[in-house]
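Here's the structure we're looking at; comments come further down.
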Amino acid sequence: MEARVQGCVTCHGQQGEGTANGYFPRIAGKPAGYLYNQLIAFRNGTRHYPPMNYLVAYLPDAYLKEMAEHFAALRPAYPPQERPAVNSTMARGEALVVKGDASKGIPACIACHGKALTGMEPGIPGLAGLRPAYIAGQLTRWKVGERKAAEPDCMKRIANRLSDEDISAVAAYLAHQTPPTTTSPEPSNLVRMPFACGSQR
């Protein structure tokens, strides 16, 4: 496995902890189902990032599943990160993350990504420890249709309801939080989830 994941750790860190500049996200400790789905999406071209598309282009399902399980089992501590300054968007970001916005049909981020933002088994990733530019970039990709998930695609539904200002506020608030001491995702809790989500099948 160490030899197999050399292509991964070159960018994502030896323990999958991500990079300090936030360009390559943390993959350690994310649910194996989520990581596997992303590897399949990169391989099949439904998620676009040329280095990843190339890296996994010819790898079989079983091989990708074992790689996903490897990184899902890792639990490195969250590295120190520079926290953005508190600004006027923080209150909006906190409201969306913790409570959502019923008037726009936006559920709280914690309803699916976990109270500690470490994700939920089997297919929802943690948001803790991600940098604001990465968070904003991914939400924007969901919104414009560059990222997709199994139907029903709950993130597409949510991202379409977020304004650009909402996306910036959520990214700023999440990046300002102190990473939790636990790095494990929560167990599956379909009752708590506001929408049916294909990622949780």
Side-chain angles (χ1 to χ4, degrees), residues 12-13 16-31 34-35 38 47 75-121 123-149 153-189 192-195 197 199-200:
H12 292 280
E17 69 275 14
T19 54
N21 65 8
Y23 190 77
F24 297 103
R26 179 186 182 90
I27 55 176
K30 283 186 164 54
Y34 170 77
L35 294 175
Q38 301 315 300
R47 186 172 177 188
R75 295 290 186 273
Y78 290 98
Q81 65 186 72
E82 185 177 335
R83 298 169 73 189
V86 174
N87 58 47
S88 59
T89 68
M90 287 288 183
R92 175 64 176 166
E94 180 179 16
L96 288 168
V97 171
V98 177
K99 299 177 183 176
D101 184 342
S103 70
K104 296 176 70 173
I106 300 170
C109 300
I110 63 172
C112 299
H113 292 276
K115 292 180 180 178
L117 299 168
T118 55
M120 184 193 296
E121 295 286 0
I124 298 178
L127 304 177
L130 297 176
R131 273 48 175 196
Y134 182 82
I135 295 167
Q138 297 310 305
L139 285 172
T140 300
R141 286 181 175 91
W142 283 110
K143 185 174 181 177
V144 302
E146 289 183 9
R147 281 198 69 174
K148 299 177 177 69
D153 189 343
C154 47
M155 273 308 303
K156 173 68 174 175
R157 185 174 174 184
I158 293 166
N160 279 337
R161 300 173 185 182
L162 294 169
S163 67
D164 292 344
E165 292 75 17
D166 288 340
I167 288 173
S168 295
V170 166
Y173 176 77
L174 289 174
H176 197 266
Q177 303 313 296
T178 301
T181 53
T182 179
T183 59
S184 298
E186 293 184 5
S188 180
N189 187 341
R192 193 179 74 200
M193 293 181 66
F195 301 139
C197 187
S199 297
Q200 288 299 81

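Keep in mind it's a predicted model, so treat the numbers as computed, not measured. Any value given below was found using the heavy atoms of this structure, including those in side chains, with hydrogens, waters and symmetry copies removed.
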Locate the shortest heavy-atom distance separating [X] from [Y]; write the atom from each residue and the value.
{"X": "P107", "Y": "P194", "value": "CB-CG, 3.3 Å"}
{"X": "G123", "Y": "Q200", "value": "N-OE1, 2.8 Å"}
{"X": "Y173", "Y": "V98", "value": "OH-CG2, 4.1 Å"}
{"X": "R192", "Y": "A111", "value": "NE-O, 3.0 Å"}
{"X": "P132", "Y": "A175", "value": "CD-CB, 3.3 Å"}
{"X": "A108", "Y": "V97", "value": "CB-O, 3.5 Å"}

Within the 4.5 Å heavy-atom criterion, are [X] and [Y] side-chain neighbours or not?
{"X": "K30", "Y": "Q38", "answer": "no"}
{"X": "H12", "Y": "P25", "answer": "yes"}
{"X": "M155", "Y": "L139", "answer": "yes"}

Quick check against the 3.5 Å criterion: does [X] have a side-chain atom that pairs as donor or acceptor with the backbone of [Y]?
{"X": "E186", "Y": "K115", "answer": "yes"}
{"X": "H113", "Y": "P125", "answer": "yes"}
{"X": "R131", "Y": "G129", "answer": "yes"}
{"X": "K156", "Y": "K143", "answer": "yes"}
{"X": "T118", "Y": "S184", "answer": "yes"}

Evaluate side-chain contact (heavy atoms from CB on, under 4.5 Å) for T183 paired with R26, printing each intermediate quantity in order. CA-CA 11 Å; T183 59; R26 179 186 182 90; 3.7 Å; yes

Test side-chain contact (heavy atoms from CB on, under 4.5 Å) on S163 and K104; report intermediate values, then the result. CA-CA 10 Å; S163 67; K104 296 176 70 173; 4.2 Å; yes

For side-chain contact (heavy atoms from CB on, under 4.5 Å), just list the numbers for I124 and C112, CA-CA rounded to whole Å, side-chain angles, deciding distance to a tenth of an Å, and then say yes or no. CA-CA 7 Å; I124 298 178; C112 299; 3.9 Å; yes

For a side-chain contact (heavy atoms from CB on, under 4.5 Å) check, start with the C-alpha distance between M90 and H176, then their side-chain angles and the critical distance, and finish with the verdict. CA-CA 9 Å; M90 287 288 183; H176 197 266; 3.7 Å; yes

Between C154 and C197, does the SG-SG distance stay under 2.5 Å? yes

Measuring from atom [atom1] of [X] to atom [atom2] of [Y], what distance do you get when rounded to the nearest 0.5 angstrom?
{"X": "D153", "Y": "R147", "atom1": "CG", "atom2": "CZ", "result": "9.5 Å"}
{"X": "Y78", "Y": "T181", "atom1": "OH", "atom2": "OG1", "result": "9.5 Å"}
{"X": "I167", "Y": "T89", "atom1": "CD1", "atom2": "OG1", "result": "12.5 Å"}
{"X": "L127", "Y": "I110", "atom1": "CG", "atom2": "CD1", "result": "11.5 Å"}
{"X": "T140", "Y": "D164", "atom1": "OG1", "atom2": "CG", "result": "6.5 Å"}
{"X": "D166", "Y": "I158", "atom1": "CG", "atom2": "CD1", "result": "12.5 Å"}

Hey, is R161 close enough to D101 for a salt bridge, meaning N to O under 4.0 Å? no

